[in-house]
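Everything quoted here is computed from the prediction, not taken from an experiment. All chains are named by letter (A, B, ...) in the order of the sequence lines, taking the proteins before the strands, and each is independently numbered beginning at 1.
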Protein chains: 2
Amino acid sequence: MSTYRRSCLIRGDGGRAIRGLLDRVGDKWTLLVVTTLDGERLRFTELQHRVPGISQRMLTRTLRHLERDGLITRTAYPEVPPRVEYALTPRGRTLIAPAVALAEWAVDNDPAITASQAAYDAAHPSAAATD
Amino acid sequence: MSTYRRSCLIRGDGGRAIRGLLDRVGDKWTLLVVTTLDGERLRFTELQHRVPGISQRMLTRTLRHLERDGLITRTAYPEVPPRVEYALTPRGRTLIAPAVALAEWAVDNDPAITASQAAYDAAHPSAAATD
DNA sequence: CTGGATCCACTCTGATACTG
DNA sequence: CAGTATCAGAGTGGATCCAG
């Protein structure tokens with residue numbers, strides 16, 4: 001099974017697949033929240049602590065989107081004070097593997113990419129800071 | 001080799017890996033351009049035709065970023081009219097596989113996700129259109 | 001504790017016009 | 001052909017306040 005030109009499958013729809021993908025997981029927090037929920041069942045506040053820098057608003061929005069997409073479950077317990085737990089659905093779990101694969105690519109290639117950027121900036125001093 | 005909790009590797013850095021990943025390929029056009037260049041060596045205009053909807057400005061920006069990251073090569077021939085060809089570097093080619101894997105996840109799960117959204121919107125009629 | 005509502009700053013993108 | 005420059009609109013994210 002060759003991987004050569006596999007992307008034709010993806011480009012065949014004029015980019016709709018990739019566009020939808022980015023609409024779903026291309027924002028700032030979604031992948032972070034999903035990977036944080038990997039194998040864990042967490043409450044709102046705990047989630048906020050584990051995703052450094054996320055605001056209440058953004059966490060709420062991200063969780064709502066993920067719930068709407070059927071990737072996580074939201075379980076509210078009728079207690080006081082309220083307790084809400086979030087967990088990945090089976091489908092949400094299937095996202096982990098390809099997402100981590102991409103993230104690992106990013107980790108593996110980060111040094112080389114950073115070096116490339118430095119070399120590029122050195123060769124193009126004008127547009128370095130501008131763009 | 002279990003894939004369970006593999007994401008701990010990614011979350012260990014406080015999300016820096018994923019953040020960098022999104023900064024690189026999380027924008028609207030990068031993945032589209034990269035997959036379009038899969039196995040091909042294309043000129044600027046040809047690229048613009050194969051990525052429907054992209055503007056000159058966005059194509060230029062995307063190509064510059066990819067070149068800076070060392071994922072594509074830009075070859076300008078000193079002719080008139082000018083001719084410039086873009087192609088993936090070896091490192092750029094390594095991005096194809098994980099990117100396609102994620103895109104395939106999106107394709108495979110799109111029907112179920114769309115259904116989930118419809119069900120969610122039916123159950124939450126108030127916040128459906130608002131957010 | 002959870003999270004809705006509002007306001008604001010910033011970025012990203014597209015359209016248009018111009019250049020070598 | 002292959003860009004660059006400028007402007008305007010939309011979208012995104014953050015801070016804050018308020019409510020169940």
Side-chain angles (χ1 to χ4, degrees), chain A residues 15 18-20 22-33 37 41-68 72-87 124-131, chain B residues 15 18-20 22-33 36-37 41-68 72-87 120 124-131:
Chain A
I18 290 181
R19 197 64 50 77
L22 292 171
D23 286 346
R24 238 164 239 128
V25 302
D27 69 326
K28 194 171 177 179
W29 301 108
T30 296
L31 279 181
L32 246 27
V33 170
L37 282 173
R41 178 181 192 79
L42 297 172
R43 300 180 58 170
F44 187 88
T45 304
E46 183 62 21
L47 215 32
Q48 192 171 14
H49 290 155
R50 302 231 192 164
V51 183
I54 196 170
S55 65
Q56 274 191 350
R57 169 186 158 82
M58 282 302 108
L59 182 54
T60 300
R61 278 178 63 98
T62 303
L63 291 170
R64 287 288 171 282
H65 287 321
L66 286 170
E67 186 195 359
R68 193 171 99 102
I72 66 171
T73 58
R74 176 183 185 273
T75 311
Y77 297 89
E79 305 172 357
V80 47
R83 178 166 59 100
V84 180
E85 290 183 348
Y86 294 93
H124 306 256
S126 52
T130 314
D131 199 314
Chain B
I18 290 181
R19 196 64 50 77
L22 292 171
D23 286 345
R24 241 165 235 127
V25 303
D27 70 323
K28 194 171 178 180
W29 300 108
T30 295
L31 279 182
L32 246 28
V33 170
T36 301
L37 282 172
R41 178 182 191 79
L42 297 173
R43 301 179 56 169
F44 187 89
T45 304
E46 182 61 21
L47 214 33
Q48 193 171 13
H49 289 155
R50 303 230 191 164
V51 183
I54 196 171
S55 65
Q56 271 193 349
R57 170 186 160 81
M58 280 303 106
L59 182 54
T60 299
R61 279 180 62 98
T62 303
L63 290 170
R64 286 287 172 283
H65 288 320
L66 287 170
E67 186 194 1
R68 192 172 100 101
I72 65 172
T73 58
R74 177 183 184 274
T75 310
Y77 298 89
E79 305 171 356
V80 46
R83 179 165 59 100
V84 180
E85 290 183 349
Y86 294 92
Y120 184 94
H124 307 258
S126 51
T130 314
D131 200 313

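One interatomic measurement links the two molecules: CD of B/Gln48 to P of C/dG14, which rounds to 12 Å at whole-angstrom precision. When the C1' atom of C/dT2 is taken as reference, atom CD1 of A/Ile54 falls 14 Å away, rounded to whole Å. Look at CG on B/Leu47: it is 14 Å from P on D/dC1, rounded to the nearest Å. Counting to the nearest Å, the C1' atom of C/dA5 and the CG atom of A/Leu59 are 17 Å from each other. In this structure, A/Glu79 atom CD and C/dG3 atom C1' are separated by 17 Å, rounded to whole Å.
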Could you go step by step and tell me if B/Leu47 and B/Leu63 meet the side chain to side chain contact (heavy atoms under 4.5 Å, CB included) rule? CA-CA 10 Å; B/Leu47 214 33; B/Leu63 290 170; 3.8 Å; yes
For the pair B/Leu42 and B/Thr36, evaluate side chain to side chain contact (heavy atoms under 4.5 Å, CB included) and give the outcome as yes or no after the intermediate values. CA-CA 9 Å; B/Leu42 297 173; B/Thr36 301; 4.0 Å; yes
Verify side chain to side chain contact (heavy atoms under 4.5 Å, CB included) between A/Val33 and A/Ile72, making sure each step is shown before the conclusion. CA-CA 10 Å; A/Val33 170; A/Ile72 66 171; 5.8 Å; no
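Legend: residues meeting side chain to side chain contact (heavy atoms under 4.5 Å, CB included) with A/Leu31, ordered by chain and number and at least two apart, are A/Val25, A/Ala99, B/Ile18, B/Leu22. Here B/Thr60 pairs with B/Phe44, B/Arg64 under the side chain to side chain contact (heavy atoms under 4.5 Å, CB included) rule; sequence neighbours left out. Evaluation of the side-chain hydrogen bond (donor to acceptor under 3.5 Å, both in side chains) rule for A/Arg19 yields no partner, not counting sequence neighbours. Listed by chain and number, the residues in a side-chain hydrogen bond (donor to acceptor under 3.5 Å, both in side chains) with A/Thr75 are A/Arg41 (sequence neighbours excluded). Residues meeting the side chain to side chain contact (heavy atoms under 4.5 Å, CB included) test with B/Arg83, sequence neighbours left out: B/Arg43, B/Tyr77, B/Glu79, B/Glu85. In this view, B/Thr45 and B/His49 satisfy the side chain to side chain contact (heavy atoms under 4.5 Å, CB included) rule, not counting sequence neighbours. Annotation: side-chain hydrogen bond (donor to acceptor under 3.5 Å, both in side chains) contacts of A/Thr30 (sequence neighbours excluded): A/Asp27.
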Between N or O atoms, less than 3.5 Å apart, protein on one side and nucleotides 2-5 of chain D on the other: list the pairs.
residue	atom	partner	partner atom	Å
D/dA2	OP1	B/Arg43	NE	3.0
D/dA2	OP1	B/Arg43	NH2	3.2
D/dA2	OP1	B/Val84	N	3.3
D/dA2	OP2	B/Thr45	N	2.9
D/dA2	OP2	B/Thr45	OG1	2.5
D/dG3	OP1	B/Arg64	NH2	3.1
D/dG3	OP1	B/Arg74	NE	3.3
D/dG3	OP1	B/Arg74	NH2	2.6
D/dG3	OP2	B/Tyr86	OH	2.5
D/dG3	N7	B/Gln56	OE1	2.8
D/dG3	N7	B/Gln56	NE2	3.4
D/dG3	O6	B/Gln56	OE1	3.1

Check the interface with nucleotides 10-12 of chain C: list each N/O to N/O pair with the protein under 3.5 Å, or write none.
none

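Overall, the helix from C/dC1-D/dG20 to C/dG20-D/dC1 carries an axis bend of 40° between its ends, with five pairs at each end and the value rounded to 10°.
Closest heavy-atom contact between B/Leu37 and B/Tyr86: CD2-O, 3.5 Å.
Comparing A/Gly26 and B/Pro81 by the nucleotide of DNA chain D that holds the closest heavy atom to each, the one mapping nearer the 5' end is B/Pro81.
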